[in-house]
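Beneath this line is the structure, given in structure tokens, with notes to follow.
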Amino acid sequence: MTKQIATFKVNGRTREAIVEPHMLLVDVLRDHLGLTGTKRACASGNCGACTVLADGIPICSCLTLAVRAQDRELTTVEGLVDSQGNLHPLQKAFITHCASQCGYCTAGMLMSASALLNADPRPTEEDVKRSISGNLCRCTGYVKIVEAILDAANEMTDAKEIPA
Amino acid sequence: MGRVLQPFEYFEPTTLDEAQKLAAGNGAQYIAGGCELVLGMRRGTARPQRVVSLSRIAGLDGFSCHPKIGLDVGAQVLLRVLANDIWVAKRWAALHEAIDQLHPPHIANMGTLVGNLCCATPYYDIPTALMALRAELTLTGPKGERQVAIEDFYTGPGATAVTAPEVVTKLTTPPPDANAASAFRKIYRTRRRHDDLHKINAAAYVTLDTESDVVTDATVVIGSWDFKPVRIAAAESAVTGAPATTESYVKAASIAVDAMEPLTDVAWIEDVRAQHARVLVRDVLEQAASRARSKYDPAEDLDTIEG
């Protein structure tokens, strides 16, 4: 198996790309599919900047061979916005809390946090810290990020609740 | 670190026979979760010519866990499946603790239990926990299946008992005794210099006679100081038959530390290693015994255990 046309399900759309077996998912997403929101930093599974969701579960796209991701439902940071182009509550909260500085870790943080909020709409601060424990931020510090995620969680659950 | 992987051939066979035929030549590697192999290929430490995926082979995804029957984990089973299983958390607590403390947590979503064992990295936690739990691996080759105890699985630095083109198809552990429990702990520090001691881990499995409060059976394992986790037979025999008290565990811990051979000729590193091992062995024995005694449920307060 050498060069082949691979089909990816990314952010609800079916995309095709010519890939070789040695290509990593992060490179295919960025260079072939143009989804440059996903970042490539340590490329060894330590920093979490390359986090994407595969079937709703956060994985490191830098340690995943692209050919092995074909039958999975992928979500990148570009997939967080809704069909009208409105930002996800997490992204809005990150802006209002100034939770990104250089922004390199932000895409990974958002993906890890969205996986948490999908699984647990009312996380505690400990849950949030645990969910982003695989994502390193080297400039902002984690306080604002944790606050932003908690804030977004509140906003999302408030929006769902029916007023009495 | 290389930016791009070296090209290789990639195959996704659907049967075990086919996989073994494809992997028979030189330079072939199996891939299950891929965390370790892809990282090795990026670093240039692994240069396979041919990568054979196990992901489409039927029958390798079996997972069953029952306190009366035992643990049975197929080669494709992700670590997160074990991390989320209540019986693993209750009765195979050492394994649960080792998986729970994995860093980064993404690895549990990508990697497999069997793959973690097969990469034979000396400082990994899960082999230590599984050795305390007396696990056994099933290796399937062209001539049939064979069972290898995890103690005999590691044959040298980075080497395992797997002879190509064999596949480790599953891992099994016996059911724990009714009055038995296990515990795992590690001390982990960032490595600042190349010769720093950065990690040491320990696991124990203890069976108690609950009426007389005497230890009737014990396994003590220390990892991250040899090429594989090591069972300390001297400490096991010292604690077996002894009353289940802290004094017995402290004594067993000092016997365990004496049994460890020095890894370096740097005195302070050996000193720190001995102190860490002493604390860890004492703690895992005490924790395992207290769980065995109290039918304590470790799943309830796992988040308070320090990593």
Side-chain angles (χ1 to χ4, degrees), chain A residues 1-4 6 19-28 30-31 40-72 105 108-109 111-112 115-116 119 124-127 129-136, chain B residues 1-13 22 29 31-56 76 78-81 83-84 100-112 115 119 190 301-305 307:
Chain A
M1 199 193 287
T2 50
K3 268 190 186 177
Q4 56 164 314
V19 301
E20 286 179 76
H22 67 274
M23 287 178 177
L24 298 169
L25 179 60
V26 64
D27 295 335
V28 172
R30 287 177 59 83
D31 303 342
R40 174 180 174 144
C42 73
S44 56
N46 280 316
C47 72
C50 63
T51 304
V52 299
L53 304 188
D55 302 327
I57 299 163
I59 61 164
C60 299
S61 57
C62 70
L63 288 183
T64 306
L65 295 178
V67 283
R68 286 163 65 85
Q70 289 182 80
D71 42 6
R72 311 188 70 178
C105 73
M109 290 277 183
M111 296 322 289
S112 291
L116 170 76
T124 63
E125 193 177 329
E126 284 305 312
D127 296 335
K129 284 182 183 169
R130 210 174 146 71
S131 78
I132 58 166
S133 65
N135 297 76
L136 300 185
Chain B
M1 187 183 289
R3 296 287 291 176
V4 182
L5 268 55
Q6 297 293 314
F8 53 81
E9 293 179 293
Y10 179 74
F11 296 95
E12 284 188 343
L22 286 166
Q29 271 277 356
I31 187 168
C35 302
E36 193 67 28
L37 182 64
V38 175
L39 183 61
M41 289 196 285
R42 293 195 52 79
R43 290 193 168 148
T45 54
R47 289 269 172 87
Q49 308 294 310
R50 173 178 280 200
V51 173
V52 181
S53 169
L54 301 177
S55 59
R56 294 203 194 280
Q76 288 167 0
L78 295 181
L79 288 163
R80 69 187 299 271
V81 175
N84 293 341
D100 200 62
Q101 295 172 27
L102 273 181
H103 184 84
H106 303 60
I107 294 300
N109 298 335
M110 305 163 66
T112 61
C119 61
T190 308
D301 64 356
L302 254 180
D303 290 340
T304 61
I305 294 167

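Each chain gets a letter, A, B and so on, in the order its sequence line appears, and its residues count up from 1. Heavy-atom basis, side chains included; hydrogens, waters and symmetry copies ignored.
- The minimum heavy-atom distance between A:Pro21 and B:Tyr10, with the atom names listed, is CB-CB, 3.4 Å.
- Listed in order of number, the residues of residues 45-53 of chain A that approach chain B to under 4.5 Å between heavy atoms are A:Gly45, A:Asn46, A:Thr51.
- For the pair B:His106 and A:Ser112, the minimum side-chain heavy-atom distance is below 4.5 Å.
- Residues A:Ser44 and B:Arg42 fail the side-chain proximity criterion, which asks for heavy atoms closer than 4.5 Å.
- Note that OG1 of A:Thr64 is 10.5 Å distant from CG of B:Asn109, once rounded to the nearest 0.5 Å.
- Looking at B:Ile31, both its backbone and its side chain come within 4.5 Å of chain A, counting heavy atoms on both sides.
- The greatest number of non-hydrogen atom pairs below 4.5 Å with chain A, out of B:Gly34, B:Pro104, B:Ser55, is found for B:Pro104.
- In this structure, the portion of B:Gln6 lying under 4.5 Å from any heavy atom of chain A is its backbone and not its side chain.
- Taking CG of B:Leu5 as the start and CG of A:Asp27 as the end, the distance is 9.0 Å to the nearest 0.5 Å.
- Between B:Leu39 and A:Leu63, the closest side-chain pair of non-hydrogen atoms falls below 4.5 Å.
- The side-chain hydrogen bond (donor to acceptor under 3.5 Å, both in side chains) search around A:Glu125 returns A:Lys129, not counting sequence neighbours.
- Two residues are said to be in side-chain contact when any heavy atoms from C-beta on lie closer than 4.5 Å; B:Asp100 and A:Arg130 meet this criterion.
- Your options are B:His103, B:Glu36, B:Met41, and the one with the most heavy-atom pairs under 4.5 Å with chain A is B:His103.
- Contact of the A:Asp71 side chain with the B:Arg56 side chain is registered, since non-hydrogen atoms from C-beta on lie closer than 4.5 Å.
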